[in-house]
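Worksheet: the structure to be examined is printed underneath.
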Amino acid sequence: MRTSYKMRAYPTPEQVAVLNRTFGCVRLAWNKVLAWRKTRYRAEGLRTSYAETDRYLTELKRDPDLGFLREVSSVPLQQGLRHQHTAFVNFFAGRARYPRYKSRQRKQSATFTRSAFRWREGRLYLAKMMDTPLEVMWSWPDADPASVEPTSVTVSREPCGRWYVSLAVDVPVPEQAPATGRVVGVDLGVKDFAVTSDGEKIANARRLAGRERNLARYQRRMARKKPGSNNRAKARAKVARAHRKVAASRADFLHKTSARLVRDHDVIVIEDLAVRNMVRNRRLAKAISDCGWGEFRRQLEYKAARYGRHLIVIDRWYPSSKTCSACGHLLTELSLSTRAWCCPSCRTLHDRDVNAAKNILAAGLAVSACGGDVRHPRSPRAQSSLKQEPQPARAGIPALRSRE
């Protein structure tokens with residue numbers, strides 16, 4: 001399997017100049033080729049292969065006005081075109097949006113393959129800078145940097161000014177974690193980030209809200225600076241640093257939470273949330289985005305696969321909050337402000353989120369066991385775990401039709 005080691009880098013002023021020139025050439029090649037792709041498709045209706053973009057890059061280098069493209073390593077330029085080709089493949093497959101032009105104000109990166117770098121005894125030598133190694137901070141005491149054999153190296157510069165190096169490494173598949181015999185359903189929310197079927201509530205620290213006042217102050221200061229001035233660049237760096245702190249705090253929380261769930265449970269069941277549709281709610285868009293549900297699911301997926309756990313994602317239309325986990329009674333409606341309710345059929349008092357987590361777990365176990373239905377202990381009818389058409393709820397224990 002492939003993993004990566006991302007670490008801080010501290011380039012010298014001479015290396016900074018070379019890397020900034022490389023970033024600019026990579027950005028220029030990306031934008032030129034992207035514009036050529038769009039023009040060619042609109043004029044002739046033809047798609048462009050990677051080989052054609054590579055030949056077009058050669059033509060760009062022959063242009064006297066773009067002769068500086070030959071002053072940097074050609075590998076990052078070609079890798080940028082490979083990434084662009086992959087981006088178009090994902091776009092046409094419906095997995096990503098249309099590729100955009102690169103901006104000098106955003107994150108800058110350049111990828112070097114084996115022919116353009118050397119990694120010896122934990123020291124990194126890049127093309128056009130082979131005389132002096134790039135200083136990096138190795139942060140894994142359990143791993144020997146001398147034994148690492150990277151297949152590619154990505155050097156990046158964040159908008160806040162920090163430099164990073166990421167080493168892509170092929171490592172053996174780790175041993176599966178020992179079985180715990182525990183299963184859990186997880187209901188994600190805004191008030192509490194996650195509520196488990198065991199009754200545990202993981203608080204939502206609201207990373208963005210805690211730094212929102214400072215961030216707003218930095219943004220106001222940046223807005224008052226003259227565009228293109230050095231003072232505006234300094235103010236922009238402060239805004240970027242504030243965003244980096246929020247992102248780093250959120251990532252730390254998500255990694256710790258997902259790692260604990262994967263370590264302590266053999267089976268984890270979550271909902272398939274449509275985050276893109278949910279953020280259209282103007283009142284909750286910022287709070288939902290601050291939670292990072294999509295990143296949390298991604299971390300659960302790769303960590304569960306890595307350590308031999310089973311992650312089950314149930315259908316997003318399953319009415320987990322409105323269904324009684326004791327008898328299966330389905331409420332006609334349940335407002336978002338109602339945090340606890342009493343089942344009119346069995347008179348069980350439910351915490352909204354804990355009840356939803358229990359139903360999510362039951363649905364996931366049913367899918368895992370027989371690939372089919374959710375059956376409550378006192379309910380003679382079954383509810384399909386497949387995607388369901390939204391329909392009016394009825395009193396009693398309804399049978400929801402599944403869409404074929």
Side-chain angles (χ1 to χ4, degrees), residues 4 6 9 11 13-93 95-118 124-130 134 150-168 228 233 236 240:
S4 63
K6 186 175 181 180
E14 294 77 12
Q15 293 172 336
V16 168
V18 175
L19 289 173
N20 283 336
R21 191 159 53 246
T22 303
F23 293 154
C25 292
V26 170
R27 185 175 62 249
L28 177 67
W30 174 287
N31 292 341
K32 289 282 187 181
V33 172
L34 180 58
W36 175 66
R37 276 177 178 267
K38 296 173 67 174
T39 303
R40 187 167 183 257
Y41 183 80
R42 291 172 179 173
E44 306 175 20
L46 299 176
R47 294 188 181 182
T48 306
S49 65
Y50 166 73
E52 292 172 325
T53 61
D54 203 13
R55 289 193 291 268
Y56 184 72
L57 176 61
T58 303
E59 296 178 6
L60 291 178
K61 290 183 177 180
R62 293 173 180 170
D63 188 342
D65 296 333
L66 301 177
F68 55 85
L69 292 176
R70 297 191 296 269
E71 297 177 1
V72 302
S73 174
S74 62
V75 174
L77 306 184
Q78 295 170 341
Q79 286 299 113
L81 299 187
R82 288 191 177 93
H83 295 163
Q84 186 179 110
H85 179 70
T86 303
F88 271 99
V89 170
N90 293 333
F91 167 72
F92 288 117
R95 294 188 295 266
R97 61 182 177 181
Y98 193 84
R100 299 182 298 174
Y101 291 104
K102 289 186 177 294
S103 169
R104 67 177 62 188
Q105 309 297 343
R106 298 179 179 272
K107 176 183 177 180
Q108 307 296 312
S109 64
T111 301
F112 300 80
T113 55
R114 290 183 184 272
S115 60
F117 76 89
R118 293 201 309 264
L124 178 62
Y125 299 84
L126 297 175
K128 304 293 184 179
M129 298 183 297
M130 288 297 185
L134 181 61
T151 58
S152 66
V153 172
T154 300
V155 182
S156 60
R157 189 193 70 220
E158 298 290 340
C160 62
R162 283 193 174 187
W163 293 81
Y164 292 93
V165 168
S166 180
L167 307 180
R236 184 186 300 111

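Any value given below was found using the heavy atoms of this structure, including those in side chains, with hydrogens, waters and symmetry copies removed.
Between F91 and Y98, the ring planes are perpendicular. Angles over 60° get that label, and only those under 30° would be called parallel.
The environment of R106 atom CZ is sparse: at most 12 non-hydrogen atoms of other residues, nucleotides or ligands sit within 6.0 angstrom. Atom CZ of R47 has 12 or fewer neighbouring heavy atoms from other residues, nucleotides or ligands inside a 6.0 Å radius. Surrounding CZ of R62 are at most 12 heavy atoms belonging to other residues, nucleotides or ligands under 6.0 Å away.
Residue pairs meeting the side chain to side chain donor-acceptor pair (under 3.5 Å) criterion with at least one member in residues 30-43, sequence neighbours excluded: R37-Q84, R40-T48, R40-E52.
Residues C160 and A240 approach most closely at N-CB, 3.5 Å, considering heavy atoms. Between P76 and F112, the closest heavy-atom pair is CG-CE2, 3.5 Å. Between L66 and L60, the shortest heavy-atom distance links the atoms CB-O, 3.5 Å. Heavy-atom minimum distance, P11 versus Q15: CA-OE1, 3.3 Å. When all heavy atoms of A29 and L77 are compared, the pair lying nearest together is CB-CD2, 4.4 Å. Heavy-atom minimum distance, K128 versus E71: CE-O, 3.6 Å.
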Report the C-alpha distance between V89 and R95 in whole Å, list the side-chain angles of each, state the deciding distance to 0.1 Å, and finish with yes or no for side chain to side chain contact (heavy atoms under 4.5 Å, CB included).
CA-CA 9 Å; V89 170; R95 294 188 295 266; 4.1 Å; yes
Given L34 and F88, is the side chain to side chain contact (heavy atoms under 4.5 Å, CB included) satisfied, shown in steps?
CA-CA 10 Å; L34 180 58; F88 271 99; 3.5 Å; yes
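Q108 is not listed as a side-chain neighbour of N20, based on a closest heavy-atom distance of 4.5 Å or more. With contacts defined as side-chain heavy-atom distances shorter than 4.5 Å, the pair S152/Q79 does not qualify. Here the side chains of F68 and L28 are in contact, with some heavy-atom distance below 4.5 Å. Side-chain contact between L126 and V18 is absent, with no heavy atoms from C-beta onward closer than 4.5 Å. Residues E59 and D63 have side chains not in contact (no heavy-atom distance under 4.5 Å, counting atoms from C-beta outward). The shortest side-chain heavy-atom distance between P159 and R236 does not fall under the 4.5 Å cut-off. Using a 4.5 Å heavy-atom threshold, the side chains of V75 and F117 count as separate. A heavy-atom distance below 4.5 Å is not found between the side chains of F23 and V72.
We find the NE2-OG distance between H83 and S109 to be 8.0 Å, quoted to the nearest 0.5 Å. To the nearest 0.5 angstrom, L57 atom CG is 5.0 Å from K61 atom NZ. Atom OG in S49 sits 6.0 Å away from atom CZ in R55 (nearest 0.5 Å).
T111 and T154 are linked by a side-chain donor-acceptor pair at a separation below 3.5 angstrom, with hydrogens and angles left out of the test.
T58 places a side-chain N or O within 3.5 Å of a backbone atom of D54 that can act as its donor or acceptor partner.
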